[in-house]
Amino acid sequence: MSDKDIKTILEKEELNKADLVFLLNLREEKSQDLFDKALDIKLRNVGNTIHLRGLIEYSNLCEKNCLYCGLRKKNEKKNIYTLTDKQIDNCISEAIRLRYGSVALQCGEQSSKEFTSKITSIIKRIKELSLGKIGITLSCGEQKEEVYKEWFQAGAHRYLLRIESSNKELYYKIHPNDEKHSFKKRVACIDNLKEIGYQVGTGIMVGLPFQTLEDLAEDILFFKQKDVAMVGLGPFIPHQDTPLWKYKDQIHSDKERMLLTLKTLALVRIVMPKINMVSATANQTLDPLGREKAIMCGANVVMPNLTPTINRKDYAIYPNKACVQDTPNQCASCLERRIKSINHTILYDQWGDSPAFLEKNK
Ligand code: SAH
Ligand code: SF4
């Protein structure tokens with residue numbers, strides 16, 4: 001295919017599965033038109049502003065056994081922690097001081113009443129300490145409808161639940177095939193969250209073992225079909241204390257996984273111009289400039305870490321996480337500098353809802 005063919009496909013009103021596969025397959029030197037198109041669409045639809053979600057990694061305890069994740073229950077090497085009330089109050093104070101308009105509360109999946117009530121009280125505490133000003137995104141896994149409702153009523157308004165893969169067969173190659181890891185339930189939770197009124201985000205890992213370009217194209221079409229307000233996707237990073245580690249030599253190289261992630265991000269932006277899209281921290285693990293590159297390919301949200309520095313290394317979803325040694329202050333100033341360097345502006349003190357969601361709920 002010539003450069004002219006790439007341009008012709010990029011000009012199409014709607015990209016179909018074959019177009020997406022073709023563009024996902026572009027070599028690095030042929031990808032710039034795709035990236036330029038995504039950046040142009042982003043600038044015209046959501047501008048050059050970056051929304052912040054201060055990330056609070058509440059606990060690494062998890063009841064599940066996803067085959068890729070270092071927080072899985074069966075990983076006996078992890079050093080378990082749960083933030084104390086005092087630590088959480090500190091995170092909230094930092095968010096207020098650093099003028100983050102929104103925070104994201106993330107953790108392993110737990111189902112006890114004690115856990116779900118604790119999350120409710122943290123949501124209320126964030127609202128109380130910030131005088132209702134800080135927006136709240138949750139990423140606490142699959143829960144019962146009444147729990148999602150309780151958290152929504154307490155003040156959370158966004159929820160991130162990645163589908164991980166929209167291909168059921170691939171889903172069961174990266175999760176145990178049992179009741180606790182049901183593909184059907186994952187999809188039902190996404191639908192349920194939307195019905196309750198959350199701004200819902202979903203996403204995937206890019207470069208998983210067994211994942212094909214067709215799978216990625218279907219994932220992009222899945223995001224569109226579910227009409228989500230946010231997408232969070234990042235490269236898969238093998239973790240040595242997980243079952244998928246044994247395929248580490250069969251997956252694409254770091255460089256290729258990064259490139260494929262950028263192409264996927266760019267295509268999601270083209271297909272869904274007004275959504276919010278996160279530049280995942282995992283990008284920075286594969287490439288020191290990974291987060292900036294993701295912003296230049298369509299991302300408009302960044303999650304600076306607020307987790308106390310002493311606990312960060314224990315939230316090891318994947319190894320070599322960026323910024324584990326940093327303090328919240330260092331994360332804030334480093335981000336400001338990085339974002340300025342690519343001519344983008346951080347929006348402080350705002351919830352930063354996606355135009356896609358706002359327009360639908362006018
Ligand atoms: N327990 C919650 C939230 C924490 S996990 C949940 O599972 O939804 C957050 C995300 O980390 C997951 O959705 C997954 O996509 C990502 N993740 C897990 N292990 C990873 C790995 N090895 N490489 C890259 N991303 C990973
Ligand atoms: Fe637990 Fe989430 Fe990791 Fe799965 S991805 S093991 S649910 S923390």
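In this chain, residues are counted from 1 in sequence order. Counting starts at 1 for both ligands and their atoms, following the listed order.
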Proximity to ligand 1 by part of Pro235, non-hydrogen separation under 4.0 Å: backbone
How far is [atom] from the closest protein heavy atom, and which atom is that?
{"atom": "atom 4 (Fe) of ligand 2", "answer": "Cys66 SG, 2.3 Å"}
{"atom": "atom 1 (N) of ligand 1", "answer": "Cys107 O, 3.0 Å"}
{"atom": "atom 18 (C) of ligand 1", "answer": "Ile317 CG2, 3.0 Å"}
{"atom": "atom 13 (O) of ligand 1", "answer": "Glu164 OE2, 2.5 Å"}
{"atom": "atom 6 (C) of ligand 1", "answer": "Arg186 NH2, 4.0 Å"}
{"atom": "atom 23 (N) of ligand 1", "answer": "Ile237 N, 3.0 Å"}

Please verify the inter-ring angle class for His157 with Trp351; under 30° counts as parallel, over 60° as perpendicular, anything in between as tilted.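 Taking Trp351 first and then His157, their aromatic rings sit tilted (interplane angle of 30° to 60°).
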With under 30° as parallel and over 60° as perpendicular, where do the rings of Tyr148 and Trp151 fit, or are they tilted in between? perpendicular
Just checking, any donor-acceptor pair under 3.5 angstrom between side chains of Arg158 and Ser102? yes
Report, in ascending order of atom number, the atoms of ligand 1 lying under 4.0 Å from any heavy atom of [X].
{"X": "Tyr315", "result": "4 (C)"}
{"X": "Met205", "result": "15 (O), 17 (N), 20 (C), 24 (C), 25 (N), 26 (C)"}
{"X": "Arg162", "result": "13 (O), 14 (C), 15 (O), 16 (C)"}
{"X": "Cys69", "result": "18 (C), 19 (N)"}

Hey, would you say the Tyr247 and Phe210 ring centroids sit under 6.0 Å apart?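 Between Tyr247 and Phe210, the centre distance is under 6.0 Å.
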Check Leu138, Thr307, Thr82, Asn311 against Tyr58 for a side chain to side chain contact (heavy atoms under 4.5 Å, CB included) and give me the one that passes.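 Of Leu138, Thr307, Thr82, Asn311, side chain to side chain contact (heavy atoms under 4.5 Å, CB included) with Tyr58 is met by Thr82 alone.
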Does [X] [atom1] have over 12 foreign heavy atoms under 6.0 Å away?
{"X": "Lys194", "atom1": "NZ", "answer": "yes"}
{"X": "Lys124", "atom1": "NZ", "answer": "no"}
{"X": "Lys144", "atom1": "NZ", "answer": "no"}
{"X": "Lys74", "atom1": "NZ", "answer": "no"}
{"X": "Lys86", "atom1": "NZ", "answer": "no"}

Report, in ascending order of atom number, the atoms of ligand 2 lying under 4.0 Å from any heavy atom of Lys64. 7 (S)
Determine, using heavy atoms of Gly108 and all atoms of ligand 2, whether some pair is separated by less than 4.0 Å. yes
Counting only nitrogen or oxygen atoms and a 3.5 angstrom limit, does His239 reach ligand 1?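 N/O-N/O distance below 3.5 Å does not exist for this pair.
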At less than 2.8 Å, would any N/O/S atom of Cys62, backbone or side chain, sit next to atom 1 (Fe) of ligand 2? yes
Verify the contact flag for atom 2 (Fe) of ligand 2, where contact means a protein heavy atom under 4.0 Å away. no
Determine, using heavy atoms of Ser139 and all atoms of ligand 1, whether some pair is separated by less than 4.0 Å.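 So Ser139 counts as touching ligand 1.
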